[in-house]
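Following: one structure in C-alpha cells, then a few remarks.
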Amino acid sequence: MSDVHRRRYDIAIVGSGAGGGTVAAELAPLIEDGRSVVVLEQGARLRDEEFTGREIEMAASLYEDGGAFLTADGTMTLAFGRAYGGSTVVYTGVSLLPPARVFTSWNVPGLSYADVAERAAKYVGQNNVNLLAREDINENNWLFVDGCERVGMHAEQFPLNLRGCRGSGLCNLGCPNGAKQGTNRVQLPMAERAGVEVVTRAEVLWIHERSLEVEVRPRPSDAKGNESEWPAGRHVVDADIIVLAGGSVGTSALLLRSPIARALPRAGRNFTCHPAQILVAEHPRDIRNDIGHPKSFYLDRSHEDGFVLETCMYFPFTTAKNMTGFGAEHSRFMHAFRRLQMILVLVCDKAVPSNRIAIDRAGRPVVHYTLTDDTVASLVEASRLASRIFFAAGASRVHAPAADPPAIERDQADMLDVLIDARNFIPGRVSLSAAHMMGGAAMGRDSTDSVTDAWGRVHGMPWLRIADSSLFPNSAEINPYLTVMSLADRVAEGVMQDLGTLTSPVIPSGARDLHP
Amino acid sequence: MTEEGWRELESTVNAYLSTRPAKLRRQLHLFLRILDVLAILRFARRLHRVPLDVRSTFLHRIERAPVLLVRRGLWGVRTLAFMGYYTRPQVMREIGYRAPTVSHEPSSPRLRMVHGGAVKATP
C-alpha cells in the first residue's frame, strides 16, 4: 500500500454537477470554521478555449462514454455529463420545477413541494434564471409556438439560466461563451474561492464506512482539459461525512459495487429517464434554426397524456443518428437542414421493477430498461401531436420515427393517427435517447422501499448522504436540474445540522494529507 | 463522395472505434461478415457488389429483422457511417448547417434579463 495516498477531510462530495456543485457551495462556509471539504469529479476541467462546438470532440470530452452509453439491450442512448460541472455543462439551462402533484405522487414522508419551491427560488437568483427576450428567440422556436396555437394549445416559455447568451446554439456541446450558468460557472467557483478543494479526473471506485477509494487518472496526451489536481494513482479519502452526487447511474453503480450494497436492497431501483425522440419537419423555405438558443418553449401534456414536447435543434450527426432509417429519404431531410424545424418528444415514464441500474462483473453500470406499453403509447401520441404542430406551422413534410416510412407528406396530414402507430415502434430500429436519468437511490420511508430518507440520509448509515437525481422515487415529468439543486440544498442543510455529531473536532490545518 | 471524403470518413470512424472496447469492435466486424453472408445467400454476391437500389431494399428489411441483435447491429453501422459523413466540414456546409465560429472573445451581454418569478410552479 506504499503507493496509496491517504487523505482526510471532514466532508467528501462525489460528483460536481447540479447536486455535488450545490452541496459544495452550501458547505463552503464551513471552511472558515476550520472544516475541510473536497469534491471528487471523474471528468476533466476544461479551459474556456477548449469549448469548440465540434460534435465528436466535445462529446468525447464532456459525456460519459462519449455520449454513446447504451442501455443493456442496446436500444436507447443515455446522455449524461462527465466533467467539472457534470451534466450542467451540457444541458440547455432549463430551470423549472415539476408541478406540486409530482411531489404528492412521490409520497416521501417529510418532503413537501413548498419546501422544494422555496429553495428553488434561491437558485433562480443565484444562477440568473430568466426568460429570453423575444428578439433573441429564433424561428425554430416561434414556429412551435405558432403551431401549438393553431392546434388549440398553448406553449410556455422555458426559464433559462443564461448570462450573456450569444446564440451559438451549442448548449449540448458545452457553451463556448460561458453563458450558461451551470455549477461549473457558479457554485463550484464559489466553493473553490472559499477553500473547497475540487479534484478532477478522480474516479471513486468503492465506498467503505467513512472512506472512499479513489483512482486519479493522468490526462491522456490527446485529451482536452487540465491535469488532475492530485497525482495520478490510488488515493484513500477518509471523511466523516460522504455525499454522493455522481448522477443517477454513477451513484447507483458506486453503491452497488461497494460492500455497503448488502444493506441497501433498493439500490438501483426506481429508475426512470424520460425516453425521448427527435421529430424533424421540413419547411418550404429557410428558417433561422441552428442560430439562437435551441430550447425556448415547451408544451406540457404530462398530466393529461404523459408527455412533454420541447423545442430543440441538434447538430448534423446527432440529427442524422436520431432519425429513423437511412438512404435517399434520410439524406433528403438532412440536405434540407436550413429548412428544418425540430421538436423533442419526451415521455414521463413511470418506475417499474424491471427498469433498474445494475453492475457488470467489473463493477461498471448496466442500465436495464424496457419500454412499457404505456410509454410506447405516450411516444406515439406525442409524435402524432408534434406532427400536427409541424403541419399547422406550415411544414411541407415530417419525419416521424414511429411511421413507416418515416416521411409523411403534407397531403397525408389527416392520416397521422394511422401512419404513426405503435406497430412501427420497433426497438433497435427507431432511435431513442434519454438525458434525464432519475432514481436508483430513491427517497422514502425505510430500507424496504427506498435508499434514503427525505434529507438524502442513507438508511442506517448516517455518515452517507445522496444529493442528485438518484433520489427521485419516480419521474420528475420535466427537466430535473432545478429539482436536483433544491434537494441538494436540503442535503447540505442536513449535513450542517448533523455536523457536530458526525465529525471529529476541528484540526486547524484543514485537509490532512497523511501521505504526501 | 470523393476519395478524400472517404478517407476523412474512415479516419473519423477508425478514431472513434479505437476508443471503444475490443469486444465492441469484434461484434461490429462479425456483424459486417453476417451481412455479407446474408447477401451471398440472397444475391450470390457480397453486399458491396449488389446494385445500390437492391442493397438499399435489402438493408431496409434488415432494419426490421425479427432478431433484436440484427437490428441493433445495423443501427450501430448506420450510426458510424453518419458520424463519419455528417461531421465532415464540407458536408456540414453542403447541407446548410451554419456551424458557429467560436471566437472566445469576452461575452457581450445582449439579453434582457428577467430576474425572479421564473420558476414554474403549477400546483
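The chains referred to below are lettered A, B, ... by the order of the sequence lines, with proteins before strands, and numbering in each begins at 1. Quick caveat: nothing in here was measured; it's all calculated off a predicted structure.
- A ring-centre distance under 6.0 Å is found for A:Tyr113 and A:Phe103.
- Of the atoms belonging to A:Thr104, not a single heavy atom falls under 4.5 Å from chain B.
- If you measure heavy-atom distances from A:Asp286 to chain B, you find no contacts under 4.5 Å at all.
- Side-chain contact, A:Ser296 with A:Gln157: no donor N or O sits under 3.5 Å from an acceptor N or O.
- When all heavy atoms of A:Leu173 and A:Gly53 are compared, the pair lying nearest together is CD1-O, 3.2 Å.
- Considering only heavy-atom pairs separated by less than 4.5 Å from chain B, the leading option among A:Ser331, A:Ser168, A:Pro427, A:Ala68 is A:Pro427.
- In terms of heavy atoms, A:Leu96 sits closest to A:Ile478 at CD2-CG1, 3.8 Å.
- Neither the backbone nor the side chain of A:Thr318 comes within less than 4.5 Å of any heavy atom in chain B.
- Using a 4.5 Å cut-off between heavy atoms, B:Leu52 makes no contact with chain A at all.
- Of the atoms belonging to B:Thr12, it is side-chain heavy atoms, and not backbone ones, that fall under 4.5 Å from chain A.
- When each of A:Gly327, A:Gly66, A:Gly325, A:Ala179 is scored by its heavy-atom pairs under 4.5 Å with chain B, the top score falls to A:Gly325.
- The 12-atom threshold is not exceeded at CD of B:Glu4, counting heavy atoms of other residues, nucleotides or ligands nearer than 6.0 Å.
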With ring-ring contact (aromatic ring centres under 6.0 Å, His included) as the criterion, how do A:Phe69 and A:Tyr63 come out once you've worked through the C-alpha distance, each side chain's angles and the decisive distance to 0.1 Å? CA-CA 9 Å; A:Phe69 187 100; A:Tyr63 285 90; over 10 Å; no

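- Note: A:Met334 leads A:Met334, A:Arg54, A:Arg339, A:Glu55 in heavy-atom pairs under 4.5 Å with chain B.
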